[in-house]
Amino acid sequence: MFEPFLLTAHNPSPMTGGGNNTYLLAGSGTAALVDAGVGEPDHLRELAAALDDRRARLDLVLVTHGHRDHAAGAPAIAAAHPASAFAKHPWPEEDRQYDVRWRAIGDGDVVSAGAEPLTVVHTPGHSPDHLAFWHEGTRTLFSGDLVVQGSSVMIHWSRGGDLAEYLASLGRLQALAPARLLPAHGPIIDDPQTVLSAYIAHRLEREQQVVDALHAGASTVQAIAESIYHGLAPALLPAARENVRAHLEKLKREGRVLESGGQWRL
């Protein structure tokens, strides 16, 4: 029976919310973990206890993407579980900061995770290396940082984020018609189509807000972000600026805006 077991990574913060979700799949004495967390001792202890309860050995860690809250725990897991392999889509400039040997996986690959087949789905946009993992038998998708119930996802333009790719990835998830999403943050999502449609609508609404801010005379990323995200907590303003820049870059690619010396105009 396909029963992913949720293990929190114990890393709450303004950017991670309540912290990261990692998921353990175990069967026939073998186990796999989706995402590595950050190496918090409580996460490692709970992972070891869950493996003991299931009489399983951790053989594989699948990482959705190379951002630190998903990948930084890999070396600590490798030290505690030396038989484990670590797999992700390559992103060399990020991957090299984590002292493990990465196995490259890509779109369409099928991997065995706790004796269950998962199909790799390349879903760039939040990051260039972002992957989701699809269990066709139950129509369950491990969706990483693509969506978060009741919140939004940052498109970190300066670190490889791409809004057009992100929207295409959301559309690809819609086409799969999953029955549930197991995200890297927040609760399990049992109505994926509703959430995915809302995410796409939100991004298009935000795009119009960027265009409206340009019409009103705002011409820098800072000014546009302040006009759109008025009252946002200071800790989240850098993320807001990244999102605005991602929207502007998409509009620029489409020929709808121009940029010169950090000044943007329609």
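Side chain of Asp145 to main chain of Ala184: no donor-acceptor pair is present (N/O by atom type, distance under 3.5 Å, no hydrogens or angles). When atom types are taken as modelled, the side chain of Ser84 and the backbone of Leu58 share a donor-acceptor pair closer than 3.5 angstrom. Using a distance-only test at 3.5 Å, with no hydrogens or angles considered, a donor-acceptor pair links the side chain of Thr16 to the main chain of Asn11.
In the hydrophobic clustering of this structure, Leu6 groups with Phe133; members are Ile, Leu, Val, Met, Phe, Trp, Tyr whose side-chain heavy atoms approach within less than 4.5 Å, directly or through other members.
The aromatic rings of Phe2 and His135 lie parallel to each other, their planes meeting at an angle below 30°, with 60° marking the opposite boundary.
Taking 4.0 Å as the cut-off between side-chain N and carboxylate O, Glu254 and Lys250 count as a salt-bridged pair. Under the 4.0 Å criterion applied to side-chain N and carboxylate O atoms, Arg256 and Glu207 are assigned as salt-bridge partners.
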Chi angles and distances behind the side chain to side chain contact (heavy atoms under 4.5 Å, CB included) call for Asp35, Asn21: CA-CA 8 Å; Asp35 273 339; Asn21 301 330; over 6 Å; no
Could you walk me through whether Asp162 and Arg253 pass the salt bridge (Lys or Arg N to Asp or Glu O under 4.0 Å) test, one step at a time? CA-CA 11 Å; Asp162 186 297; Arg253 190 183 307 169; 2.6 Å; yes
The test is salt bridge (Lys or Arg N to Asp or Glu O under 4.0 Å); show your working for Arg159 and Glu94 and say whether it passes. CA-CA 10 Å; Arg159 292 186 58 207; Glu94 292 292 316; 2.8 Å; yes
Pair Gln174-Ile200, side chain to side chain contact (heavy atoms under 4.5 Å, CB included): steps then yes or no: CA-CA 10 Å; Gln174 285 186 312; Ile200 292 170; 3.4 Å; yes
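Residue Asp53 places its CG atom among more than 12 non-hydrogen atoms of other residues, nucleotides or ligands, all under 6.0 Å distant. Counting heavy atoms of neighbouring residues, nucleotides and ligands inside a 6.0 Å radius, atom CZ of Arg139 exceeds 12 of them. The 12-atom threshold is not exceeded at CD of Glu136, counting heavy atoms of other residues, nucleotides or ligands nearer than 6.0 Å.
Note that the OG atom of Ser260 and the CD atom of Gln263 stand 8.0 Å from one another [nearest 0.5 Å].
At least one side-chain heavy atom of Leu248 sits less than 4.5 Å from a side-chain heavy atom of Ile224. Side-chain contact check for Trp91 versus His130: every heavy-atom pair is 4.5 Å or farther apart. Here the side chains of Leu60 and Thr30 are not in contact, with every heavy-atom distance at 4.5 Å or above. In this structure the side chain of Leu51 never reaches within 4.5 angstrom of the side chain of Arg57, judged on heavy atoms. Looking at Leu146 and Val153, their side chains never come closer than 4.5 Å, going by heavy atoms from C-beta outward. A heavy-atom distance below 4.5 Å is not found between the side chains of Leu62 and Phe142.
Checked against a 6.0 Å centroid threshold, the rings of His70 and His185 count as neighbours.
With a 6.0 Å cutoff to the six-membered ring centre and a 45° limit on the axis angle, Arg241 does not count as a cation-pi contact of Tyr229.
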